[in-house]
Amino acid sequence: MAGTPVVLTEDEITEQLTLAPGWQRHGEQITRSFAIRYHGGVALIVHVADVERLIGHHADIDLRWDHVRFTITTHDAGHRLTTADFDLAHRIDGIAHAHGATPETRPDS
Ligand SMILES: C[C@H](O)[C@H](O)[C@H]1CNC2=NC(N)=NC(=O)C2=N1
């Protein structure tokens, strides 16, 4: 990822969250789950990983038998939220949709 990422202010985070419906904030990270069967989740993760490699920004990914959960923060900014996190979130939304994964709200996400 080019340059040192700029940490977002609270107001900027609030604004970014309104533009990324479905993503939930947990401290200095954002997370979202998508319902998809295990092998479909593996294919989804491979696709996301290809894009992450291109953009130089990576989510923590939790694969379960019936869903995949993505958690994003910017390590290089001291595990704070930056625009790179929301950029990746939007990219994940598009890829998940293309794979037929269904956004879901889980109590643990
Ligand atoms: C050099 C490399 O591109 C950087 O360390 C990237 C890698 N992927 C990353 N991913 C995330 N989530 N945060 C980062 O700060 C980050 N930095």
Side-chain angles (χ1 to χ4, degrees):
M1 184 171 59
T4 303
V6 177
V7 174
L8 295 173
T9 66
E10 284 300 314
D11 287 347
E12 291 169 333
I13 293 170
T14 300
E15 178 186 13
Q16 289 294 325
L17 286 168
T18 63
L19 299 173
W23 287 84
Q24 296 179 330
R25 181 184 184 183
H26 298 280
E28 286 298 312
Q29 58 188 27
I30 55 173
T31 186
R32 193 175 194 188
S33 292
F34 298 88
I36 189 167
R37 299 300 297 271
Y38 194 84
H39 276 77
V42 172
L44 168 60
I45 290 168
V46 168
H47 191 162
V48 170
D50 280 345
V51 171
E52 290 175 326
R53 178 173 53 187
L54 288 173
I55 67 173
H57 208 64
H58 303 78
D60 295 341
I61 303 174
D62 185 350
L63 172 66
R64 302 300 172 103
W65 75 273
D66 63 346
H67 73 275
V68 181
R69 183 169 72 238
F70 298 93
T71 302
I72 317 171
T73 188
T74 300
H75 308 297
D76 293 347
H79 292 79
R80 301 288 300 278
L81 285 170
T82 71
T83 54
D85 302 317
F86 289 95
D87 171 69
L88 177 53
H90 290 297
R91 294 173 188 266
I92 288 171
D93 284 344
I95 296 167
H97 177 73
H99 283 255
T102 307
E104 62 176 15
T105 301
R106 302 183 68 84
D108 58 346
S109 70

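All residue numbers refer to positions in the sequence shown, counting from 1.
One N or O on the side chain of E52 and one on the backbone of A59 form a donor-acceptor pair closer than 3.5 Å. Checked by atom type and distance alone, the side chain of T71 never pairs as donor or acceptor with a backbone atom of T31 at under 3.5 Å.
Rounding to the nearest 0.5 angstrom, the gap separating the NE2 atom in H26 from the CD atom in Q24 is 4.5 Å. Interatomic distance, I95 CD1 to H90 NE2, rounded to the nearest 0.5 Å: 13.0 Å. Annotation: the span from R91 atom CZ to H57 atom NE2 amounts to 11.0 Å, rounded to 0.5 Å. Atoms CD1 and CG, from I36 and L63 in turn, are 9.5 Å apart once rounded to the nearest 0.5 Å. To the nearest 0.5 Å, the span separating CZ on R37 from CH2 on W65 amounts to 6.0 Å.
Closest approach of T73 to E28, counting heavy atoms only: OG1-O, 2.6 Å. Taking every heavy atom of both residues into account, S33 and H67 meet most closely at OG-CD2, 4.2 Å. The two atoms that bring V68 and G41 nearest to each other are CG2-CA, 3.7 Å, heavy atoms only. Between A84 and T74, the shortest heavy-atom contact is CB-OG1, 4.4 Å. Closest non-hydrogen pair, P103 versus R32, comes out as CB-NH2, 3.2 Å. For T82 against A77, the heavy-atom pair with the smallest separation is CG2-CB, 3.8 Å.
A salt bridge does not link D85 with R80: every distance from a Lys NZ or Arg NE/NH1/NH2 to an Asp or Glu carboxylate oxygen is 4.0 Å or more. Salt-bridge check for E104 with R69: failed, with every basic side-chain N at 4.0 Å or more from each acidic carboxylate O. Ion pairing between a basic and an acidic side chain is recognised when a charged N comes within 4.0 Å of a carboxylate O; R64 and D62 show such pairing.
More than 12 heavy-atom neighbours from other residues, nucleotides or ligands sit within 6.0 angstrom of CZ on R25. Taking a 6.0 Å sphere around NE2 of H75, one finds it holds more than 12 heavy atoms contributed by other residues, nucleotides or ligands. Shown here is H97, whose NE2 atom has no more than 12 heavy atoms of other residues, nucleotides or ligands within 6.0 Å.
Side-chain atoms of F34 and T102, non-hydrogen and from C-beta on, never get closer than 4.5 Å to each other. With a 4.5 Å cut-off on side-chain heavy atoms, L81 and I30 count as touching.
For H47, the ring pair (Phe, Tyr, Trp, His ring centres under 6.0 Å) partners are H99, not counting sequence neighbours.
Inspection of the T9 and E12 side chains reveals an N or O donor paired with an N or O acceptor under 3.5 Å.
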Note to self: As a quick check of understanding, evaluate side chain to side chain contact (heavy atoms under 4.5 Å, CB included) for F70 and D60, giving each step before the final call.
What the structure shows: CA-CA 6 Å; F70 298 93; D60 295 341; over 6 Å; no

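L8 and V6 sit in two unconnected hydrophobic clusters of ILVMFWY residues. Membership requires side-chain heavy atoms under 4.5 Å apart, directly or through other members. In the hydrophobic clustering of ILVMFWY residues, with side-chain heavy atoms under 4.5 Å counting as a link, I55 and I61 come out together. At a threshold of 4.5 Å between side-chain heavy atoms, the hydrophobic network of Ile, Leu, Val, Met, Phe, Trp and Tyr places V7 and F86 in two separate groups.
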